[in-house]
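Just so we're on the same page: letters track the sequence lines, and every chain starts at 1.
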Amino acid sequence: MASLELSRSPLRSRREPEVCSAGQDKYSVLLPTYNERENLPLIVWLLVKSFSESGINYEIVIIDDGSPDGTRDVAEQLEKIYGSDKILLRPREKKLGLGTAYIHGMQHATGNYIIIMDADLSHHPKFIPEFIRKQKEGNFDIVSGTRYKGNGGVYGWDLKRKIISRGANFITQILLRPGASDLTGSFRLYRKEVLQKLIEKCVSKGYVFQMEMIVRARQLNYTIGEVPISFVDRVYGESKLGGNEIVSFLKGLLTLFATT
Amino acid sequence: MTKLAQWLWGLAILGSTWAALTMGALGLELPSACQEVLWPLPACLLVSASYYALVTVGYHVATFHECEDAVCKLQDQILEAGADLARRGLSF
């Protein structure tokens, strides 16, 4: 699968990537969950399979926000099956938002790289070894999955959704010139210290939070690589993109345009 | 400088240049052929930009890659995962 170079030469000198004490890189996957009782075992199984087959040192941090459907019970079973060194449960009492979930997860993560992704199977863990390879190839601070370049793509979107998605991306590229093709994507690999720094600086929520992370990263001269990914939208027949989301996206976009 | 500021500066510079040239403020006597082109230029640029936007978005929508094979593989893996996890003692 072709992967794309989008780094600029950094203005500050590159330091060597940090490794943890064993001298080996470790990758912590942060999985914020809310009502993912059915998907969580599947995504964990796929993650374990991808990492094991590639011989990568990993852990999975599950941050459940008090799901009423029993997600936490399933997470506890997974911890028993795979071991508490590989599955870390760090739940919270109630739904508190993505940014704070990442902060909470990172406080317990022992890896030097953090992978963020959706827990609903729209992102496939098979791309993670490619993210890692891409990161090493360019010594990138961030590697972002993109649906809009190379053979990245989607499944399960109707025409209206595609038009909105491409239209929004077009406007975003014109206004923000972000140096990344997929700004609202949430399948990314970060150096741990980079993610910590960016979360401190970001103030938005939802789609716009993911956009702001990339925009702030560029402001701080972090380097960004991209890997084409496939995004499988399994929520058929349900429009996840209503008028409200579009309005709040536009508001967020204009705020970033005016303030960054 | 914010992106908004960059846009405003750019528009201000282009706008004032256009205004100066079309109103002869710089004392330049441009031939009337030039004036005829210059006067509607902003409107033309706006229309061209709109066409460009429509064509670009239309092209990207039409060529938006659909990953059907990804879905088939995922379905198979879901079944495999379910069976393996049940074997390891997971009760769904």
**Message:** Using a 4.5 angstrom heavy-atom cutoff, name the option from A:Leu176, A:Asp73, A:Leu254, A:Leu256 with the most pairs to chain B.
**Reply:** A:Leu176

**Message:** Within the 4.5 Å heavy-atom criterion, are A:Arg216 and A:Tyr222 side-chain neighbours or not?
**Reply:** no

**Prompt:** How long is the span from the CG atom in B:Leu38 to the CH2 atom in B:Trp18, to the nearest 0.5 Å?
**Reply:** 8.0 Å

**Item:** Expected output: side-chain A:Asp120 to main-chain A:Glu36 donor-acceptor under 3.5 Å
**Value:** no

**Message:** Between the side chains of A:Asp158 and A:Arg161, is the shortest nitrogen-to-carboxylate-oxygen separation below 4.0 Å, so that they form an ion pair?
**Reply:** no

**Asked** Salt bridge between A:Asp64 and A:Arg72, side-chain N to carboxylate O under 4.0 Å?
**Response** no

**Item:** Value rounded to 0.5 Å, distance of NZ in A:Lys201 from CG in A:Leu220
**Value:** 5.5 Å

**Request:** Look at the side chain of A:Ser54 and the backbone N and O of A:Phe51, then say whether any donor-acceptor pair between them is shorter than 3.5 Å.
**Result:** no

**Request:** Apply salt bridge (charged side-chain N to carboxylate O under 4.0 Å, His left out) to the pair A:Lys49 and A:Glu53, showing each step before the final yes or no.
**Result:** CA-CA 6 Å; A:Lys49 182 175 150 77; A:Glu53 283 175 0; 3.1 Å; yes

**Prompt:** Hey, which residues of residues 57-67 of chain B are touching chain A, say heavy atoms under 4.5 Å apart?
**Reply:** B:Val57, B:His60, B:Val61, B:Phe64, B:His65, B:Glu66, B:Cys67

**Item:** Contacting moiety of A:Leu121, where chain B heavy atoms sit under 4.5 Å
**Value:** both

**Fill in**
When the 4.5 angstrom heavy-atom criterion is applied to A:Phe257 and chain B, the contacting part is both

**Prompt:** Between atom CG of B:Leu90 and atom CG of B:Asp84, what is the distance when rounded to the nearest 0.5 Å?
**Reply:** 10.0 Å

**Message:** Using only atom types and a distance under 3.5 Å, with no angle test, would you say the side chain of B:Gln75 pairs donor to acceptor with the backbone of B:Ala70?
**Reply:** no

**Request:** For each of A:Ile81, A:Leu46, A:Val154, tally heavy-atom pairs with chain B at distances under 4.5 Å, and name the one with the top tally.
**Result:** A:Val154

**From CD (A:Glu59) to CD1 (A:Ile115), nearest 0.5 Å** = 10.5 Å

**Asked** Between the main-chain N or O of B:Gly82 and the side-chain N or O of A:Trp45, is there a donor-acceptor pair closer than 3.5 Å?
**Response** no

**Request:** Would you mind checking which part of A:Ser230 comes under 4.5 Å of any heavy atom in chain B, side chain (CB onward), backbone (N, CA, C, O), both or neither?
**Result:** both

**Item:** Residues in residues 82-90 of chain A near chain B [non-hydrogen atoms, under 4.5 Å]
**Value:** A:Tyr82

**Item:** Pair A:Ser122-A:Asp233, side-chain contact (heavy atoms from CB on, under 4.5 Å): steps then yes or no
**Value:** CA-CA 6 Å; A:Ser122 49; A:Asp233 198 337; 6.0 Å; no

**Asked** Hey, what do you get for CG (A:Asp118) to OG1 (A:Thr33), rounding to the nearest 0.5 Å?
**Response** 12.0 Å

**Message:** With a 4.5 Å cut-off on side-chain heavy atoms, are A:Met117 and A:Ser186 touching?
**Reply:** no

**Request:** Please tell me if the side chains of A:Phe249 and A:Thr172 come closer than 4.5 Å, counting only heavy atoms from C-beta onward.
**Result:** yes

**Asked** Roughly how far apart are B:Asp69 CG and B:Leu74 CG, rounded to 0.5 Å?
**Response** 11.5 Å

**Asked** Can you name the residues of residues 46-53 of chain B that have some heavy atom under 4.5 Å away from a heavy atom in chain A?
**Response** B:Tyr52, B:Ala53

**Request:** Determine whether the aromatic ring centres of A:Phe131 and A:Phe187 lie less than 6.0 Å apart.
**Result:** yes

**Message:** Strictly less than 4.5 Å between heavy atoms, which residues of residues 2-15 of chain B line up against chain A? Please order them by number.
**Reply:** B:Thr2, B:Lys3, B:Leu4, B:Gln6, B:Trp7

**Message:** Which atoms of A:Lys80 are under 4.5 Å from chain B, going by heavy atoms: the side chain, the backbone, both sets, or neither?
**Reply:** neither

**Message:** With side-chain contact (heavy atoms from CB on, under 4.5 Å) as the criterion, how do B:Leu41 and B:Thr22 come out once you've worked through the C-alpha distance, each side chain's angles and the decisive distance to 0.1 Å?
**Reply:** CA-CA 10 Å; B:Leu41 197 60; B:Thr22 48; over 6 Å; no

